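In what follows, a structure is listed as C-alpha cells, so that the remarks can point back to it.
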Amino acid sequence: MVNFDRYILSNGLRLLVHEDHTTPMAAVNILYNVGARDEDPSKTGFAHLFEHLMFGGSVNIPTYDEPLQKVGGENNAFTSNDITNYYITLPAVNLETAFWLESDRMLSLAFSEKSLEVQKNVVCEEFKQRYLNQPYGDAWLKLRPLAYQVHPYSWPTIGKELAHIEQIEMQDVRDFFARFYNPANAIMVVGGDINKEDVLALTEKWFGGIPGTSSYSRNLPQEPRQTEARRMTTTGDVPLDALYMAFHMGKRDSQDYYEGDLLSDILSRGNSSRLYHQLIKENPVFSDLNAYLTGSLDEGLFVVEGKPSEGVTMDEAEKAVWSELEKLKTDLVTDEELTKVKNKIESGMIFSEMSLLDKAMNLAFFELLGDAANLNTEAQRYLCIDAEQLRLRANAIFTKENSSTLVYLAEKND
C-alpha cells in the first residue's frame with residue numbers, strides 16, 4: 001500500500017505527497033502531460049527535444065546539474081509517445097534545492113539559440129546512432145506507420161525523420177513550451193523522509209506564483225479498426241533476418257490491457273514461457289523471440305518479435321508463431337501457468353514499492369490515468385482474471401486481419 005495526500009494549487013498544479021520515513025532520501029517527480037502523440041505530424045520530435053532542452057538552463061539558473069550535484073542529488077528524464085517525465089533524488093534535508101531547480105525551468109527556460117542548436121545536434125546524433133546506423137534501428141520507423149495509419153502513434157518518440165528536428169526554430173520551441181509546460185499540465189509527486197505540510201508550503205512558495213493556463217485537452221484522430229492484414233518487407237545491413245508482428249489492443253487503463261499483459265507473460269516471460277520452451281529450446285525455430293505490449297494510453301500494440309534460427313525460412317518462422325497464438329485461442333491456459341505469471345506480476349509490484357523513485361513515478365502515472373489510488377488496486381486487476389477471459393482476449397487480438405507484419409531481411413553479400 002502506497003499512501004499519499006493530494007493537493008491542487010490554484011494554478012492547476014496537482015501535487016501528491018508520499019511520506020516514507022524509512023529512508024533519509026527524497027524524490028521529486030514531475031510528469032508533464034505531453035508526448036510525441038501531441039506533435040504536429042509535420043513537426044515531430046519536439047517532445048523528446050524538449051526533454052533535452054529542459055536541462056539547458058533556465059532564466060535564473062544557467063546550469064541545471066551543478067547545484068543539484070553540490071547537494072548530493074541526481075536527476076534524469078524520459079519521453080514516450082504519451083508523457084514526458086523528469087525526476088530528482090536527493091537527501092531529504094536538501095529538498096528545497098529540487099523545488100528551486102524545477103520551478104525555475106517550469107517558469108521559463110533560457111531559450112537561447114546556442115542551447116537550441118546544441119540540443120538539436122545532440123538529438124540528431126541520437127537519431128542517427130540509434131535509428132539509422134544501428135542494426136534494426138529503423139524497424140519501428142517502419143512498423144509504427146504500418147500499424148497506425150491515422151493515429152499519431154504512427155511515429156516514434158524521436159520523430160518521423162531527421163529533417164523535422166533539423167528544421168526546428170526558436171518560435172516553435174517557445175510555442176511548444178507555452179502550450180504544454182505549465183502547472184495545469186503537470187503532476188508533481190514528492191516522496192521520502194518529508195512532512196506533507198512542509199512540502200505543501202514549499203510547493204506554494206516555489207510553484208504557486210507560476211501562471212497556470214488551462215490544461216491541455218486532446219482531440220487526436222483515433223485509429224479505425226483494422227480489417228485486413230498488413231505486411232511490409234524491408235532489407236538492411238543486419239546480421240540476421242527478423243520478424244515483427246504487431247496486433248492492435250486496448251488502452252493502458254482498459255481490461256484488455258491486463259488480459260493482454262498476462263498473455264504476453266505466458267508467451268514470453270522467463271525460460272519456462274511458451275515461446276522460449278517451444279520455439280527456442282525444444283524446437284529451435286528462433287534464436288531470439290519475445291512478446292510484449294506498448295502499454296500506450298490510447299489503443300496500443302501487442303508485439304511479437306524475433307530472429308529465426310539459421311536455416312529456418314521466414315515462412316516457417318511465422319507459421320510457428322501463429323501456431324502458438326492459435327493454442328491460446330483454442331485451449332485454456334493451465335492453472336499452473338496462470339498462477340505462475342500472476343505471482344511474478346504481484347511480486348514485481350511489491351518489489352517496486354521498495355523503491356522511493358518507483359513509487360513517485362507510479363503515483364504520477366496513475367494520477368494521469370485517472371486516480372493515483374488505483375496504484376494500490378493494480379495487482380487485483382490481474383489476480384481476478386481467469387483462463388476463459390484470456391482465451392477470449394486471445395481470440396480478439398490474434399487475428400490475421402488485426403496483424404501488421406514487418407519482415408526484416410538481412411542483405412545478402414555475394
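These figures come from a predicted structure and were not determined experimentally. The first residue in the sequence is number 1, and the count goes up from there.
One N or O on the side chain of N402 and one on the backbone of I397 form a donor-acceptor pair closer than 3.5 Å. Judged by distance alone, with hydrogens and angles left aside, the side-chain atoms of N33 form no donor-acceptor pair with the main-chain N or O of L368 at under 3.5 Å. A donor-acceptor pair is defined here as one N or O able to donate and one able to accept, closer than 3.5 Å; no such pair exists between the side chain of S115 and the backbone of S112. E259 contributes no side-chain N or O that, together with a main-chain N or O of R393, makes up a donor-acceptor pair within less than 3.5 Å. Of the possible donor and acceptor atoms, one in the side chain of E223 sits under 3.5 Å from a partner among the backbone N and O of Q149. For K342 (side chain) and I385 (main-chain N/O), a donor-acceptor pair under 3.5 Å exists by modelled atom type. Listed for the T405 side chain is no donor-acceptor partner under 3.5 Å among the backbone atoms of R231. H248 contributes no side-chain N or O that, together with a main-chain N or O of L301, makes up a donor-acceptor pair within less than 3.5 Å. Formation of a donor-acceptor pair under 3.5 Å by the N81 side chain with backbone atoms of A36 is not found in this model. Of the possible donor and acceptor atoms, none in the side chain of E337 sits under 3.5 Å from a partner among the backbone N and O of D335.
Taking OG1 of T233 as the reference point, atom CG of L406 lies at 7.5 Å (rounded to 0.5 Å). Separating the CG atom in L107 from the CD1 atom in I210 is a distance of 5.5 Å, to the nearest 0.5 Å. The CE atom of M361 sits 5.5 Å away from the CG atom of N29 when rounded to the nearest 0.5 Å. We find the CG-CG distance between D331 and L390 to be 13.0 Å, quoted to the nearest 0.5 Å. Remark: Q167 CD to D172 CG distance equals 10.0 Å, nearest 0.5 Å. One distance of note links CD of Q119 with CD1 of I165; it measures 12.0 Å at 0.5 Å rounding.
A salt bridge links D371 with R6: the distance from a Lys NZ or Arg NE/NH1/NH2 to an Asp or Glu carboxylate oxygen falls below 4.0 Å. Contact check on R252 versus E378 returns a salt bridge, with a Lys/Arg side-chain nitrogen under 4.0 Å from an Asp/Glu carboxylate oxygen. D265 has no carboxylate O lying under 4.0 Å from a charged side-chain N of K344, or vice versa, which leaves the two without a salt bridge. In this structure, E117 does not pair ionically with K114, as no charged nitrogen and carboxylate oxygen lie closer than 4.0 Å. In summary, K329 and E326 engage in a salt bridge, as defined by a charged side-chain N under 4.0 Å from a carboxylate O.
Atom CD of E228 has 12 or fewer neighbouring heavy atoms from other residues, nucleotides or ligands inside a 6.0 Å radius. Atom CD of E74 has 12 or fewer heavy atoms from other residues, nucleotides or ligands within 6.0 Å. Heavy atoms of other residues, nucleotides or ligands lying less than 6.0 angstrom from NZ of K327 number more than 12. Within 6.0 Å of CD on E125 lie more than 12 heavy atoms contributed by other residues, nucleotides or ligands.
Put simply, the side chain of D40 does not reach to within 4.5 Å of the side chain of F46, judged on heavy atoms. Side chains of D38 and F180 form a contact here, defined as non-hydrogen atoms less than 4.5 Å apart. Here the side chains of P221 and P152 are in contact, with some heavy-atom distance below 4.5 Å. A 4.5 Å side-chain heavy-atom check between Y153 and L297 finds at least one atom pair inside the cut-off. By the 4.5 Å heavy-atom criterion applied to side chains, L328 and R274 are counted as neighbours. Residues L289 and S268 form no side-chain contact, since every pair of their non-hydrogen atoms from C-beta on lies 4.5 Å or further apart. Side-chain contact between Q129 and Q134 is absent, with no heavy-atom pair separated by less than 4.5 Å. In this structure the side chain of N362 reaches within 4.5 angstrom of the side chain of S352, judged on heavy atoms.
Not counting sequence neighbours, the partners of D175 by the side chain to side chain contact (heavy atoms under 4.5 Å, CB included) test are Q171. For E19, the side chain to side chain donor-acceptor pair (under 3.5 Å) partners are H21, not counting sequence neighbours. A search for side chain to side chain contact (heavy atoms under 4.5 Å, CB included) contacts involving N75 returns F55, Y64, D65, L68, I88, not counting sequence neighbours. For E113, the side chain to side chain contact (heavy atoms under 4.5 Å, CB included) partners are L116, M170, not counting sequence neighbours.
Ring to ring, Y32 and Y181 are close: their centroids are under 6.0 angstrom apart.
In this structure, a donor-acceptor pair under 3.5 Å is absent between the side chains of T23 and D193. Under 3.5 Å, the side chains of S80 and D82 contain no donor-acceptor pair of N or O atoms. Between the side chains of S296 and D298, no donor-acceptor pair is found at a separation under 3.5 Å. Side chains of T44 and H164: a donor-acceptor N/O pair is present below 3.5 angstrom, by distance only. No side-chain N or O of R381 forms a donor-acceptor pair with one of N374 less than 3.5 Å apart. Between W206 and E102, the side chains place no donor N or O within less than 3.5 Å of an acceptor N or O (distance only, hydrogens not considered).
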**OP:** Check the pair L95, V190 against side-chain contact (heavy atoms from CB on, under 4.5 Å), reporting the backbone distance first and the verdict last.
**Re:** CA-CA 9 Å; L95 179 63; V190 183; 4.1 Å; yes

Test K43 against E39 for salt bridge (charged side-chain N to carboxylate O under 4.0 Å, His left out), laying out the working first. CA-CA 7 Å; K43 295 180 178 181; E39 297 163 348; over 6 Å; no

Walk me through whether V123 and H52 qualify under side-chain contact (heavy atoms from CB on, under 4.5 Å).
CA-CA 8 Å; V123 174; H52 289 259; 3.7 Å; yes

Worksheet item: Please walk me through it: do K196 and F4 pass side-chain contact (heavy atoms from CB on, under 4.5 Å)?
Response: CA-CA 9 Å; K196 62 184 179 183; F4 67 93; over 6 Å; no

Verdict with reasoning, T203 to F99, per side-chain contact (heavy atoms from CB on, under 4.5 Å): CA-CA 7 Å; T203 307; F99 278 77; 3.3 Å; yes

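Residues in residues 337-379 take part in no ring-ring contact (aromatic ring centres under 6.0 Å, His included) pair, two or more places apart or across chains. Pairs of residues two or more places apart, or lying in two chains, that qualify as ring-ring contact (aromatic ring centres under 6.0 Å, His included) and include a residue from residues 110-137 are F111-F177, F127-Y131, Y136-Y408.
In plain terms, the two heavy atoms of W155 and P41 that are nearest each other are CH2-CA, 3.7 Å. When all heavy atoms of M314 and A242 are compared, the pair lying nearest together is CE-O, 3.5 Å. Among all heavy-atom pairs drawn from M245 and L325, the shortest one is CE-CD1, 4.4 Å. I30 and A186 make their closest contact through CG2-CB, 4.2 Å (heavy atoms, listed as atom of the first residue, atom of the second, distance). Considering every non-hydrogen atom in both L109 and V59, the closest pair reads O-CG2, 3.9 Å.
Ring planes of F247 and W322: perpendicular class, angle over 60° (limits at 30 and 60°).
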